[in-house]
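Notes follow once the structure below has been shown.
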Amino acid sequence: MNLQDIRTPALGQVLRPNVWDVVALVLIIGTMVALVYGGEQTTLPLSTLDVNPVSLDPANLPLYALRTTMRMLLAIACSIVFTFIYAALAAKSRRAEMVLIPLLDILQSVPILGFLTFTVVFFLNLFPGKVLGAELACVFAIFTSQAWNMTFSMYQSMRNVPKDLEEASQSFHLTGWQRFWRLDVPFAMPGLIWNTMMSMSGGWFFVVASEAITVGNTTVTLPGIGSYVALAIQEKNLTAIGYAILAMLLVIIAYDQLLFRPVVAWADKFRFEQTASASAPTSWMLDLFRRTRALRALTYPFTALNRAVSNLHIGFPRLAAASKGGSERQSRVIDAVWLAAILAGTGYAAWKSYQYLSATLDLSDVVTTIGYGFITLARVAVLIALATLIWVPIGVWIGLRPKLAERIQPLAQFLAAFPANLAFPVFVVIIVRFGLSPNIWLSPLMILGTQWYILFNVIAGASAFPTDLREAAGSFHLKGWRWWVKVVLPGIFPYYITGAITASGGSWNASIVAEVASWGDTHLTATGLGAYIAKATEAGDFPRVVLGIAIMCVLVTLFNRLLWRPLYAFGERRLRLG
């Protein structure tokens, strides 16, 4: 018997399918069929949206759920690519950070209706007469509700890589490319996954605005759960809303079991700790694919390709050390030129905005809009403070218990995905019935969907908290307030700041939905910047839309610069692991 005779049966044994291969293949084929069927709908003429309008017949909900899920999955894929590129540039380049992080503050403060106002016509013109143009506009709107949170999370993680791991990467002489894939991405993975789940759920919060949008004379209504909910609210059909909630619940359970739970279980190996965790998250889907034989063998070439790509010797450019007088002067000159370019670009944009707005608006409009902005700012500050007091202790309690986090995960995703629009009937009826003030009682709708950014980030921080540090705290008998102040709160602080920043920006976004609530023919309006922008968008008053968005961007940026960024820098400087 020669070596060839020994190897051939072994190879045949590896490639021979088992029962798990059959089950996995059925799931893969079913997913592909669903995606192809849903994709075919995007190639139809735009006129089919009028020929077959959205119906409240529950039999249509499976197709609507498929269309909405495909849009959200495409948006999350684009968000991941954007996150890797944008966060890496911001974290690795000081000069890029000077532009990218303030720009990210502005982008997360721009309302989704603001994006839709100026992008719907653009995407429709890209594919004239095709549903695909409207689909891309919807996907882009959902993307804007997902990407900023994920980018902040990865940026925060890359800036807080433990120093001993950085020194280890230097001792192994890793290039910038290798360090990114071997250190930065693995370290950021636990927090990024939880924020991806939050972003996926956050997309549901704005899916109503994304699928059923009216900007001036342009009306686009795409088949989906969001447009189904909008029609149910318009017709005051509580039964249809119940069907929509059930469909959302089933979809969230499906992608929790089929997508997120396997990824969370897989990413547990990236936790930063010196001792093994007491219990690790599990996933039946991940176990199923790990038990396959033929499918796993087919992934070996892709695994080898991934390893080869991550090991490429690509050196990212580094800033020269400013230790010598000449180098220091050169660096200062480059910084001055770069800062001048930034200020020139900002000034030009401000001047063009002034020219556009001054043609139709005057100073009184600006003063009035700023006043609305401060009213909304007060609501956001109060609601973020309340959400912090409630969800930080709960998030820590959940995150430190992996088994509990595994059970809570789908429930938290469902609550985070619950669109504020579905709560409108309850709030509107109660406010009208008891004669309550909309200025106060519509405010909770602003935090209904965004408070989960804090919860998810705190859970991510507590889940990633090193077991050895917890054991050290136990050996020193730290309990009660000392345990919170000395151990847990410093450990989760960077994660909390990331969640608070995105929750704050999300609350500003949600104000456009929350400060104007409708139920059938009953309309309630709270005084604030969100209501101002919503009314201007509905009326197609583009100058006031631009003014409202500009004021919102300025207030959010100042709020982040004066409060969140100093806290973020403090956490990076004083509360960094390693």
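Below, all heavy atoms of this structure are taken into account, side chains as well, without hydrogens, waters or symmetry copies. Count residues from 1 along the sequence.
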Nearest heavy-atom neighbours spanning [X] and [Y]:
{"X": "Tyr228", "Y": "Leu56", "answer": "OH-O, 2.9 Å"}
{"X": "Ala247", "Y": "Ile225", "answer": "CB-CD1, 4.1 Å"}
{"X": "Pro58", "Y": "Pro62", "answer": "O-CD, 3.7 Å"}
{"X": "Leu100", "Y": "Ala90", "answer": "CD1-N, 3.8 Å"}
{"X": "Ile193", "Y": "Ala267", "answer": "CD1-CB, 3.1 Å"}
{"X": "Ser507", "Y": "Met446", "answer": "O-CE, 3.7 Å"}

Subject >> Residue of the set Leu73, Leu74, Leu66, Thr68 for which side chain to side chain contact (heavy atoms under 4.5 Å, CB included) holds with Met70 >> reply: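 Of Leu73, Leu74, Leu66, Thr68, side chain to side chain contact (heavy atoms under 4.5 Å, CB included) with Met70 is met by Leu66 alone.
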
Subject >> Member of Asn195, Thr196, Val185 meeting the side chain to side chain contact (heavy atoms under 4.5 Å, CB included) criterion with Met154 >> reply: Val185

Is there a side-chain contact between [X] and [Y] in this structure, where contact means two heavy atoms from C-beta onward sitting under 4.5 Å apart?
{"X": "Thr525", "Y": "Lys535", "result": "yes"}
{"X": "Ile447", "Y": "Leu386", "result": "no"}
{"X": "Phe152", "Y": "Asn149", "result": "no"}
{"X": "Met150", "Y": "Ile80", "result": "yes"}
{"X": "Ile252", "Y": "Met200", "result": "no"}
{"X": "Ser153", "Y": "Tyr453", "result": "no"}
{"X": "Leu27", "Y": "Met285", "result": "yes"}
{"X": "Leu357", "Y": "Asp365", "result": "no"}

Spacing of [atom1] belonging to [X] relative to [atom2] belonging to [Y], to within rounding of 0.5 Å:
{"X": "Leu136", "Y": "Lys130", "atom1": "CG", "atom2": "NZ", "result": "13.5 Å"}
{"X": "Thr69", "Y": "Leu259", "atom1": "OG1", "atom2": "CG", "result": "11.0 Å"}
{"X": "Leu103", "Y": "Cys553", "atom1": "CG", "atom2": "SG", "result": "10.0 Å"}
{"X": "Ile76", "Y": "Tyr255", "atom1": "CD1", "atom2": "OH", "result": "8.5 Å"}
{"X": "Leu258", "Y": "Leu286", "atom1": "CG", "atom2": "CG", "result": "12.5 Å"}
{"X": "Ile551", "Y": "Thr369", "atom1": "CD1", "atom2": "OG1", "result": "6.0 Å"}

Original post:
Is the shortest distance from a Lys or Arg side-chain nitrogen in Glu211 or Arg67 to a carboxylate oxygen in the other one below 4.0 Å?
Top reply: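 Between Arg67 and Glu211 there is no salt bridge, as every charged N stays at least 4.0 Å from the carboxylate O atoms.
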
**OP:** Applying side chain to side chain contact (heavy atoms under 4.5 Å, CB included), run through Leu529 and Ile533 and close with a yes or a no.
**Re:** CA-CA 6 Å; Leu529 190 56; Ile533 296 174; 4.2 Å; yes

Original post:
Could you walk me through whether Ser504 and Val380 pass the side chain to side chain contact (heavy atoms under 4.5 Å, CB included) check?
Top reply: CA-CA 7 Å; Ser504 175; Val380 171; 3.9 Å; yes

Between [X] and [Y], is there a donor-acceptor pair closer than 3.5 Å when you use the side chain of the first and the backbone of the second?
{"X": "Ser443", "Y": "Ile440", "value": "yes"}
{"X": "Tyr243", "Y": "Leu238", "value": "no"}
{"X": "Thr292", "Y": "Asp21", "value": "no"}
{"X": "Asn237", "Y": "Ala240", "value": "yes"}
{"X": "Asn439", "Y": "Ala526", "value": "no"}

Original post:
Do the side-chain N and O atoms of Thr498 and Asn457 include a donor-acceptor pair separated by under 3.5 angstrom?
Top reply: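 There is no such pair (donor and acceptor under 3.5 Å, judged by atom type) between the side chains of Thr498 and Asn457.
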
**OP:** Indicate whether the side chain of Thr376 and that of Glu515 have a donor and an acceptor atom separated by less than 3.5 Å.
**Re:**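 Note: Thr376 and Glu515 side chains meet the donor-acceptor criterion.
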
May I ask you to decide if the ring planes of [X] and [Y] are parallel, tilted or perpendicular, using 30° and 60° as cut-offs?
{"X": "Tyr496", "Y": "Trp564", "answer": "perpendicular"}
{"X": "Tyr372", "Y": "Tyr532", "answer": "tilted"}
{"X": "Phe123", "Y": "Phe140", "answer": "tilted"}

Subject >> Phe127/Glu135 under side chain to side chain contact (heavy atoms under 4.5 Å, CB included): CA gap, chis, key distance, verdict >> reply: CA-CA 10 Å; Phe127 300 93; Glu135 291 283 356; over 6 Å; no

**OP:** Please indicate whether Phe289 has more than 12 foreign heavy atoms, meaning atoms of other residues, nucleotides or ligands, lying under 6.0 Å from its CZ.
**Re:**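 Yes, the 6.0 Å shell around CZ holds more than 12 heavy atoms from other groups.
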
Original post:
Can you check side chain to side chain contact (heavy atoms under 4.5 Å, CB included) on Ile431 and Val428, steps first, answer last?
Top reply: CA-CA 5 Å; Ile431 290 172; Val428 171; 5.9 Å; no

Subject >> ring pair (Phe, Tyr, Trp, His ring centres under 6.0 Å) partner of Trp148, the single match among Trp508, Tyr155, Tyr86, Phe143 >> reply: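 For Trp148, the ring pair (Phe, Tyr, Trp, His ring centres under 6.0 Å) check succeeds only for Phe143.
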
